Amino acid sequence: MSMQLSLEVTGLTVLVAGTTTAARRVVRRYGAGGATVRRIAGPEQFHPRLLDTVSLAVVVDDLPGRWEPLLEASRKRRILVSVEEPAAPGGCVTLVGGGPGVEDLLTMRARTALREADVVLYDRLAPYRTLAELAPGAELIDVGKTPGHHPIPQPEIEALMVRRAKEGYNVVRLKGGDPFVFGRGGEEINSCIAAGVPVSTVPGISSSIAVPAAAGIPVTYRGVAHAFTVVSGHQPLPPQELEALAALGGTIVVLMGIGTLPQLTSGLCKAGLASNVPVAIVEKGFSPEQRTTISTLGGAVTAAGAARCTSPAVVVIGEVVRRHQDFRATLTDVLTHPMVAS
Ligand code: SAH
């Protein structure tokens, strides 16, 4: 029988049996958990007396059968035994989507990847506060892009990722939301492939859908919006794109859009969207500081200025904003005076 267990190992003595490479991660993980770890590399080093102070025996070996004397002696003494898969030889990279910033919106696959990581390269938007617990024993490297601070340039992140994997480590590149939504995940995959490093991805819950949802706004709604377009506001959009967006008539979701809000809103109005189309600016979704500012296309810049809206925020443009659950004001109020809902 196999099962997922969470063990409190602080103060316990754990015997780890297995070859150096296979056992390395396990030794580190239990050590980081506060256990006293003893390791034996081969069955010839085993003596039943070794078990005198041991509470848990962990076998990490391609041929776990060769540890039968240890398994047998542990069973007799009713010592817990865990047989773990040895780490694959050679390192690899896993791009992990960290979701919109809270630990309980990490997927189970993301948690597993973090638990098994030797190195984690993380972003500011990823759920980094509890990273030490999620990735016990891993080296944690902040490569976050803090505006105004000194981020690690993208080519260096990719070089570091590849180098660590080539050193034999299991590297997790943890990103906010989903790695393939404005996350440069594609570029990082290409670097790994070019360097011959095995790479895989774990999708994440993207803020483009989840942050509007946190404010009670569904990005589609039967009869209201049957399409939603996610755009980056990092650079102002060219007129043809604004026209296409306006013509499509669906919900427009803008990430990284606070800086270019004036160009976007005036551009969409010029492209034909009505100036009374509702707009929601949802800041710091899923955090205690989450805040929603409701306005209109024509009034969004004034509303954002008055409310001092800052990044990270998701801007939602379209009729679905009227479905905002906490809509306390009547439609006319909202259309005439921008309001702030919490
Ligand atoms: N890959 C990410 C997006 C990266 S771009 C994803 O799929 O979610 C970063 C932008 O995402 C921010 O500028 C902001 O617009 C948005 N964002 C991410 N997390 C957010 C959050 N918790 N609250 C509000 N906006 C968020």
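Just so it is clear, the model here is predicted, and its values are computed rather than measured. Note that ligands are numbered from 1 as they come in the structure, with each ligand's atoms numbered from 1 the same way.
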Short side-chain donor-acceptor distance under 3.5 Å, Gln290 and Thr292: no
Identity of the nearest option to atom 25 (N) of ligand 1, non-hydrogen atoms only, from Val102, Ile281, Val314, Leu255: Val314
More than 12 heavy atoms from other groups under 6.0 Å of OH on Tyr221: no
Whether Lys284 side chain and Glu289 backbone form a donor-acceptor pair below 3.5 Å: no
Flag if over 12 foreign heavy atoms under 6.0 Å of OH, Tyr169: no
Heavy-atom nearest neighbour in the protein, as seen from atom 2 (C) of ligand 1, with distance rounded to 0.1 Å: Gly176 O, 3.3 Å
Ligand-residue contact atoms, ligand 1 with Pro100, heavy atoms, under 4.0 Å: 22 (N)
For atom 9 (C) of ligand 1, the protein heavy atom that lies nearest, with its residue and separation: Leu125 CD1, 3.5 Å
Numbering as shown, the atoms of ligand 1 that approach Val181 to under 4.0 Å (heavy-atom distance): 1 (N), 2 (C), 3 (C), 4 (C), 7 (O)
Side chain proximity check, Leu131 to Leu114, heavy atoms < 4.5 angstrom: yes
Sub-4.0 Å atoms of ligand 1 with respect to non-hydrogen atoms of Lys284: 23 (N), 24 (C)
Within reach of ligand 1, part of Ala313 (heavy-atom separation under 4.0 Å): backbone
Sequence-distant partners of Arg75, salt bridge (Lys or Arg N to Asp or Glu O under 4.0 Å), two or more places apart: Glu68, Glu72
Side chain to side chain, Asn190 and Glu187, heavy atoms closer than 4.5 Å: no
Residue pairs, two or more places apart or on separate chains, that pass side-chain hydrogen bond (donor to acceptor under 3.5 Å, both in side chains) and touch residues 132-141: Glu139-Arg164
Those atoms of ligand 1 less than 4.0 Å from some heavy atom in Ser206: 6 (C), 7 (O), 8 (O)
Protein contact of atom 23 (N) of ligand 1 - nearest heavy atom, named by residue and atom, plus distance: Gly285 N, 2.8 Å
The one among Met256, Lys175, His234 that brings a heavy atom closest to atom 10 (C) of ligand 1: Met256
Taking atom 20 (C) of ligand 1 as the reference point, the nearest protein heavy atom with its distance: Ser207 CB, 3.8 Å
